[in-house]
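Below is one structure; the comments refer to it alone.
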Amino acid sequence: MAETEKQFDAVVVGTGNAALSAAVAASEKGASVLMVEKGPEHKRGGNSFFTDGAIRFAYRDLEGIKRIVDGLSEDDDIEMPEYGTEDFHGDLMKVTQGKSKAELADHLVSKSYETIEWMKDQGVKFIMNENQFFEKDGKKIFWGGLPVKTENKGIGLVEAMLKKARENGVEIWYESPAVKLEKTDGKISAIHIGRKHGGNTVIKTDSVILACGGFEANKKKRMEYLGDEWKDAVVRGSEYNTGDGIAMALEAGAVRAGQYDGCHAHTTDYNAPKVGDYSKPGDIYKKSSYPLGLIVNTEGKRFVDEGADFRNYTYAKYGKETLKQPDHKAFQLYDSQVRPMLRAEYDLEEATVFKADTPEMLAVKMGVDKESFMQTLTDYNRAVQEGDYNPSVKDGKSTRGLSPEKTNWALTFDRPPYYAYPVTCGITFTFGAVKVNSKAEVLGDKEEPVKGLYAAGEMVGELFYHNYPGGSGLMSGSVFGRTAGMSAAEMIRGKAFDK
């Protein structure tokens, strides 16, 4: 039997970055806040628990970074490209093919830096991103618009925001999935929570913030919206992101929005766990150094331009391309010229790798067709053009006469020993969700808000299409989470949110 147990000003569904940002923002404005989490306490944090912590924002210049990252001094020899709101906006529009909704894109970009400052004020610590620079003559040369990450990856972010939420008096219930929303006179009035030891509990509330992810961990929905090939995709993060929030919002009058047949994906170790392993947090199974090497499928053939752009702008797209290959499998290839430059994840004990002194022996270990593989390498090596190799810029050192070409960072593959890392596609989050405005209000028919209902994180539709700039998903969770919390608090106080 349902029992109304408590009343809160706001109920936040989820415990990831977006949910925590919402809970902290609402509670610091004086609202009483309850967070509910579907999983047990040791599996809290949503997808944020598994991120590398890299977060994209419009920092403007090195001085903007120094205000965020403690400990940087004039003695640090750093070359930092400028990255302002126009750069961030341009990257977002470029990779989404211009489809990112203007209102949402503008809000994300324009609020990014102040949100980072706010996060720092809440206790989140930021450090320089070791994966975003190459060292030359003692100077750290950054690239790709992503020079900062949270200390101790996503775990550090989650723990810092959880600490602040508790300090603000936020109550958290675990193993307590949200089940249904109630409306009275067209406004949110209650939410049903299924508690493991307490039956179905009804919480009276004026506002609900849905920040419980997309449907990436729901195999049936993946197949329905993304295609049958997504049945076996590795789920890189939370096993609890099964689309519950979307379903509840739609039932309460929300409108579907965004690219339901699109998602963020990444090449991940072929032997990675099928769902996120909470005993091994952080993004440890991804394989992101492919622009420095080659990628072939199980037939020994290349299928993408590894050097089309920096990995921040291609990895989501290339993860999907890997899924289309036979057995949903590919291999990243590196020789000893570039092996020392690979990211830290290639050195972890969890990394699957084949090593050989000859390409022929490498083909045998990989289990690919040797003749086809050797022809691919021969054709590639012959096509490599002269030029200066510089992995910190798009150097134009390319091939000529191949399909696909390699348009940057093309070095001959001829220095033993040789390495092959088997990879598959891992899904991170889905792009289809519900219609939301820049106040994080969930919208129904005629663009009218569903009063008292807000959404953040993966629940925001119409922001990402086809691809996304690396680190912008985490930033979106923070920006729209904070916005949702502020909007809910202002609504509770009976004031219009206009900021």
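All residue numbers in this chain count up from 1 along the given sequence. No hydrogens, no waters, no symmetry mates; every other heavy atom, side chains included, goes into these values.
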Exercise. Salt bridge check: are K6 and E171 linked by an N-O gap of less than 4.0 Å?
Worked result: yes
Exercise. What do you reckon, is NZ of K120 surrounded by more than 12 foreign heavy atoms closer than 6.0 Å?
Worked result: yes
For this session: Please determine if R343 and E345 form a salt bridge, counting it only when a charged side-chain N lies under 4.0 Å from a carboxylate O.
Result: yes
Exercise. Can a salt bridge be assigned to the pair R67 and E63 using a cut-off of 4.0 Å between side-chain N and carboxylate O?
Worked result: no
For this session: Of all the heavy-atom pairs spanning A344 and N131, show the shortest one and how long it is.
Result: N-OD1, 4.1 Å
Exercise. Would you say the side-chain atoms of N168 pair up with the backbone N or O of A165, donor to acceptor, closer than 3.5 Å?
Worked result: no
For this session: Report the relative orientation of the aromatic rings in W173 and F8; use parallel for angles under 30°, tilted for 30 to 60°, perpendicular for over 60°.
Result: perpendicular
Problem set entry | Partner of E239 by salt bridge (Lys or Arg N to Asp or Glu O under 4.0 Å), out of K43, K274, K219 | K43
Problem set entry | Exam field: side chain Q332 to backbone K287, donor-acceptor pair closer than 3.5 Å | yes
For this session: Please name the pair of heavy atoms, one in A249 and one in L210, separated by the smallest distance, quoted to 0.1 Å.
Result: CB-CD1, 3.7 Å
Exercise. Which pair of non-hydrogen atoms, one from H466 and one from Q259, has the smallest distance, and what is that distance?
Worked result: N-OE1, 2.6 Å
Exercise. What do you reckon, are the aromatic ring centroids of Y468 and F429 less than 6.0 Å apart?
Worked result: yes
Problem set entry | Flag, side chain of N129 to backbone of A54, donor-acceptor distance under 3.5 Å | no
Exercise. Is the backbone of V158 close enough, under 3.5 Å, to the side chain of S48 for a donor and an acceptor to pair up by distance?
Worked result: no
For this session: Verify, without hydrogens or angle tests, whether N408 (side chain) and D395 (backbone) share a donor-acceptor contact under 3.5 angstrom.
Result: yes
Problem set entry | Sidechain N-carboxylate O distance under 4.0 Å for D77, K140 | no
Seminar exercise, completed: Nearest heavy-atom contact between N467 and T96 is O-CG2, 3.6 Å
Problem set entry | Flag, side chain of S21 to backbone of N17, donor-acceptor distance under 3.5 Å | yes
For this session: For the pair K439 and E490, find out whether any cationic side-chain nitrogen is under 4.0 Å from an anionic carboxylate oxygen.
Result: no
For this session: Using a strict cut-off of less than 4.0 Å between a Lys/Arg side-chain nitrogen and an Asp/Glu carboxylate oxygen, indicate whether K153 and D283 qualify as a salt bridge.
Result: no
For this session: Determine, for Y315 and K286, whether the Lys NZ or Arg CZ falls below 6.0 Å from the six-membered ring centre while staying within 45 degrees of the axis.
Result: no
Exercise. Is the backbone of A58 close enough, under 3.5 Å, to the side chain of S112 for a donor and an acceptor to pair up by distance?
Worked result: yes
Exercise. Sub-3.5 Å donor-acceptor pair from the side chain of T242 to the main-chain atoms of N218, do we have one?
Worked result: no
For this session: May I ask you to check whether Y278 and F50 place their ring centers less than 6.0 Å from one another?
Result: yes
Exercise. So, S238 versus K38: side-chain donor-acceptor pair below 3.5 Å or not?
Worked result: no
Exercise. Do the side-chain N and O atoms of T428 and R236 include a donor-acceptor pair separated by under 3.5 angstrom?
Worked result: yes
Exercise. Parallel, tilted or perpendicular: which describes the rings of F310 and W409, with under 30° parallel and over 60° perpendicular?
Worked result: tilted
Problem set entry | Under 3.5 Å: donor-acceptor pair, side chain of Y83, backbone of P147 | no
Exercise. What is the ring orientation for Y260 with Y225, classed by angle as parallel under 30°, tilted 30 to 60°, or perpendicular over 60°?
Worked result: tilted
Exercise. Would you call K149-E130 a salt bridge at under 4.0 Å N-O?
Worked result: yes
Exercise. Are any non-hydrogen side-chain atoms of I492 and K29 less than 4.5 angstrom apart?
Worked result: no
Exercise. Does any donor atom in the side chain of E159 or N152 lie under 3.5 Å from an acceptor atom in the other side chain?
Worked result: no
For this session: Mind checking the OH-CG spacing from Y421 to L342? Nearest 0.5 Å is all I need.
Result: 6.0 Å
For this session: Give a yes or no on whether E86 atom CD has more than 12 heavy-atom contacts from other residues, nucleotides or ligands under 6.0 Å away.
Result: no
For this session: Check V460 against A455 and note the closest heavy-atom contact, atom names and distance.
Result: CG2-O, 4.0 Å
Problem set entry | OG1-CD1 distance between T201 and I191, expressed to the nearest 0.5 angstrom | 11.5 Å
Problem set entry | E458 side-chain N/O to G214 backbone N/O, donor-acceptor pair under 3.5 Å | yes
For this session: Would you please say whether a donor-acceptor pair under 3.5 Å links the side chains of S288 and R311?
Result: yes
For this session: Hey, could you give me the CE/CG distance between M161 and L20, rounded to the nearest 0.5 Å?
Result: 6.0 Å
